[in-house]
Amino acid sequence: MRRALTAATAALTLTTAGTMLAGTPGQAAPTGWGRPIVTAAPQPGAAGLGDTYFPDYGNGGYDVEHYDVRLRYDPATDLLTGTTTILATATQDLSAFNLDFLLDVESVRVNGWAATTSTAGAHELVVTPARTVTRGQQLTIVVRYNGIPSETLVGGYTGWTRTDDGALAVNEPESAWWWFPSNDHPLDKATFDISVSVPTGVEVISNGVQPRPPVAEAGNRTRWIWRTTSPTATYLAFMAIGQYDIVTDTTPGGQPVVNAYSTSLGALGPAARASIERTAEIVDWESGIFGPYPFEAQGGVAGPIDGIGFALETQTRPVYGPGFWRRGANTYVVAHENAHQWFGDSVSVAEWRNIWLNEGFASYAEWLWSEEQGEGTAQEVFDFTYASYPADDEFWQVLPGDPGAARVFDNAVYDRGAMTLHQLRLAVGDDAFFEILPAWTSEHRYGNGTIEQFQALAERISGLDLDDLFTTWLFTAGRPDVATAARKAAPPTEPKSWAKIRESHHLLSH
Ligand SMILES: [Zn+2]
C-alpha cells in the first residue's frame, strides 16, 4: 500500500484516531487546525459523473492517471482475456467504487489486497476494497478478466465489431466496456499502455507509438505494444486487430506516422491509401488554423470491408470504415477526423450534450478544406447546405446545442453545426474567427469544454454579444433566416466538394 501523505489524509487520521467530531455526513466541520476536515464515514463513489445525457457513464470518487491494458486475443473464437492495471487517485474517502465494464471479472485487487465485486446497472462493476480508501490515496487497481465481446450485449447491442480476421474496438461513446475496465467519461482522461498478444501473422494497431517492435511469445504468438503519453479519453483508445499492411514514416515536422490498411479492402485499397497517406499534409494545414497539433504521433487505419460503417477520431490515429472509399479518394473525411484531434480529442466535451464542439467543428474543417482545395468556398458550401434542407424539413427541429441523448450524432449536429460556425465567422469577421479557434484549443488543451465556455471566449475575442446567434443557431428549432444579401438570387450551384462531404456526413451521422 502506498499512502499519500496529504493534508487531507493526515487530518483524517487525526480525526478518526480521536473523538468523532459532530458534523453532517459529507460536510466539512471546522477545526482548531484551521482547515476543514471530513468527519463523515467513507461513502461509495458515485455510479456516474452527472452527465445530463448519460448519467451513469463514468464514476465518482477517483481520478485515473494511467491504464495499462494487457490483453490476449484470438480472432478464431473472439475470446479476449486480459489484465488491466489502473493507476488512480481517490478524490474522496471511499467504501467502494465503480468501474464501467461488461466482461467477466476473475479478480480485482486494490493496492495488492483482494477486493470483492458485484455488478449493477447496465455496465457497472462495483468494487469493494478490503480496506477503506482515503481521499488523496493513490490506488493501483488490477482487474483480471475474460469474455467474448461480440456476444456481450447491453440492450441487444455490442460496441465491439468482430470481423472475419479479427476485431475493431472502435465506438463512441460506448467502446471501453467491452475491452478494459475504466472510468468511462471524457472528464477523466489518462495515458495508456496497450499490449495485445495475438497469433503470429495477425496485426494489432492502437494509439500513439510502438515503444518496442512486436515481441514473439510462446505458442506461435506475437505481442504488439502501443503507448500514448497524451491524456486520452477512454472512448478514444482503440484497437484494430486483423490482417493489415502497415506503412510507417516520419512527417516533415518529425512526427511518427503509422498508417494501416486492411488487406480485405481489395479494389477500395488504393482510394484508402490516396486519402489516408495525405494525413500529414492535412494535419499540417489544420495546425496552421487550429494551433499546434496536440499529440505525439499521426496516422490512420483503413478498417476491413466487414468492419464499421463509420469513422472515428481515435486519438493520434483515426479509424475509417470502407464506405468512405467507394467514390474514390476522400480527403474530406480525413480532414474531419483529424480536425477532431483538436476538437474532441485534445479539447473534449465536458458533457455529451456539448457534442457540437466536436462535430460542428470537424464538419466545418471540411468546408475550410473545400475552400483550400478550390472545390467550393465555405460560403458556397453554406449556401448549398442551407438550401438543401427545406424550411419544413425535420432536420431543422434538432437542436445542435442540445440534440438529446438519442440524437447525439444527428446530421443536424454536423451540418447545422457547421452552418453555425460559418454564421459566427460572418458575425465576428475572419480575423477574430481565426483567433478564436486556436485560442479555444490552447485554453482547453488536454481538458474539456462546454458550449457556454466557447461562446464566452468568442465574445471576449470579438467584443460582441453573441447570445442571439448562439441561441438561434444552436438552441432554437426551425430554419433560421439568413440575411438576403448573403443569399444568391438563383438557387446555389452544387460545390465540387458537396458529394463527398454529404456522403461523409451520411456515414458519420445516424
Ligand atoms: Zn466527427
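Predicted model, so just to flag it, every value in this text is computed and none were measured. Any value given below was found using the heavy atoms of this structure, including those in side chains, with hydrogens, waters and symmetry copies removed.
- Among Y67, W226, F238, the one residue that satisfies the ring pair (Phe, Tyr, Trp, His ring centres under 6.0 Å) test with F192 is Y67.
- Between W367 and Y364, the two ring planes are tilted [angle within 30° to 60°].
- Taking the six-membered ring where the residue is Trp, Y414 and H505 present tilted rings, their angle falling between 30° and 60°.
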Enumerate donor-acceptor pairs with a distance under 3.5 Å from any side-chain N or O in residues 433-441 to protein atoms, sequence neighbours excluded.
residue	atom	partner	partner atom	Å
T441	OG1	F290	O	2.6
T441	OG1	P438	O	3.1

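- Using a distance-only test at 3.5 Å, with no hydrogens or angles considered, no donor-acceptor pair links the side chain of R407 to the main chain of V398.
- For the residue pair D467 / Q455, a side-chain donor-acceptor distance below 3.5 Å is found, with atom types taken as modelled.
- For the residue pair T232 / Q315, a side-chain donor-acceptor distance below 3.5 Å is found, with atom types taken as modelled.
- Checked by atom type and distance alone, the side chain of K496 never pairs as donor or acceptor with a backbone atom of S370 at under 3.5 Å.
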Evaluation steps, ring pair (Phe, Tyr, Trp, His ring centres under 6.0 Å), between W342 and F295: CA-CA 9 Å; W342 288 264; F295 303 125; 8.4 Å; no
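- More than 12 heavy-atom neighbours from other residues, nucleotides or ligands sit within 6.0 angstrom of CG on D245.
- Among residue pairs with one or both ends in residues 355-366, none qualify as salt bridge (charged side-chain N to carboxylate O under 4.0 Å, His left out); sequence neighbours excluded.
- Looking at heavy atoms from C-beta onward, Q423 lies in side-chain contact with V482 at the 4.5 angstrom threshold.
- The existence of a salt bridge linking R460 and E443 is confirmed by a sub-4.0 Å separation between a basic side-chain nitrogen and an acidic carboxylate oxygen.
- Remark: side-chain polar atoms of E203 are paired, donor with acceptor, to backbone N or O of Y244 under 3.5 angstrom.
- Put simply, CG on D100 and OG on S182 are 5.5 Å apart, with the number rounded to the nearest 0.5 Å.
- Counting only distance, with no hydrogens or angles, the side chain of N98 and the backbone of G48 share no donor-acceptor pair below 3.5 Å.
- The closest side-chain heavy-atom distance from F180 to L71 is not below 4.5 Å.
- By the 6.0 Å contact criterion, CZ on R425 is enclosed, its count of non-hydrogen atoms from other residues, nucleotides or ligands being greater than 12.
- The closest side-chain donor-acceptor pair between Y53 and D402 falls under 3.5 angstrom.
- Within the 4.5 Å cutoff, the side chain of E372 has no heavy atoms near those of the L368 side chain.
- E277 and N259 are linked by a side-chain donor-acceptor pair at a separation below 3.5 angstrom, with hydrogens and angles left out of the test.
- Side-chain rings of F101 and W179 stay apart, their centers remaining 6.0 Å or farther from each other.
- Residues S497 and E371 form no side-chain contact, since every pair of their non-hydrogen atoms from C-beta on lies 4.5 Å or further apart.
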Test log, rule ring pair (Phe, Tyr, Trp, His ring centres under 6.0 Å), inputs F361 and W356: CA-CA 7 Å; F361 289 62; W356 170 72; 5.0 Å; yes
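- A donor-acceptor pair shorter than 3.5 Å can be found between the side chains of D184 and W177.
- A donor-acceptor contact closer than 3.5 angstrom links the side chains of W369 and T331.
- The aromatic rings of W178 and Y157 lie perpendicular to each other, with more than 60° between the two planes, well past the 30° mark.
- Between E494 and K500, no side-chain nitrogen of the basic residue sits less than 4.0 Å from a carboxylate oxygen of the acidic one, so the salt-bridge criterion is not met.
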Worked check of ring pair (Phe, Tyr, Trp, His ring centres under 6.0 Å) between W352 and Y235: CA-CA 12 Å; W352 284 103; Y235 82 96; 5.0 Å; yes
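- Panel note: side chain T89, backbone Q137; no donor-acceptor pair is recorded below 3.5 Å.
- Side-chain N/O atoms of N330 and S504 include a donor and acceptor closer than 3.5 Å.
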Pair E394-R479, salt bridge (charged side-chain N to carboxylate O under 4.0 Å, His left out): steps then yes or no: CA-CA 10 Å; E394 67 177 31; R479 186 166 82 170; over 6 Å; no
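- Contact annotation: the side chain of E503 never approaches that of I501 to less than 4.5 Å [non-hydrogen atoms, C-beta and beyond].
- A side-chain N or O of Y57 and one of E174 form a donor-acceptor pair less than 3.5 Å apart.
- Checking Q341, R445, E296 one by one against S230, the side-chain hydrogen bond (donor to acceptor under 3.5 Å, both in side chains) holds for a single residue, E296.
- Note on ring orientation: taking the six-membered ring where Trp is involved, the planes of F395 and Y389 are parallel (angle under 30°, cut-offs 30° and 60°).
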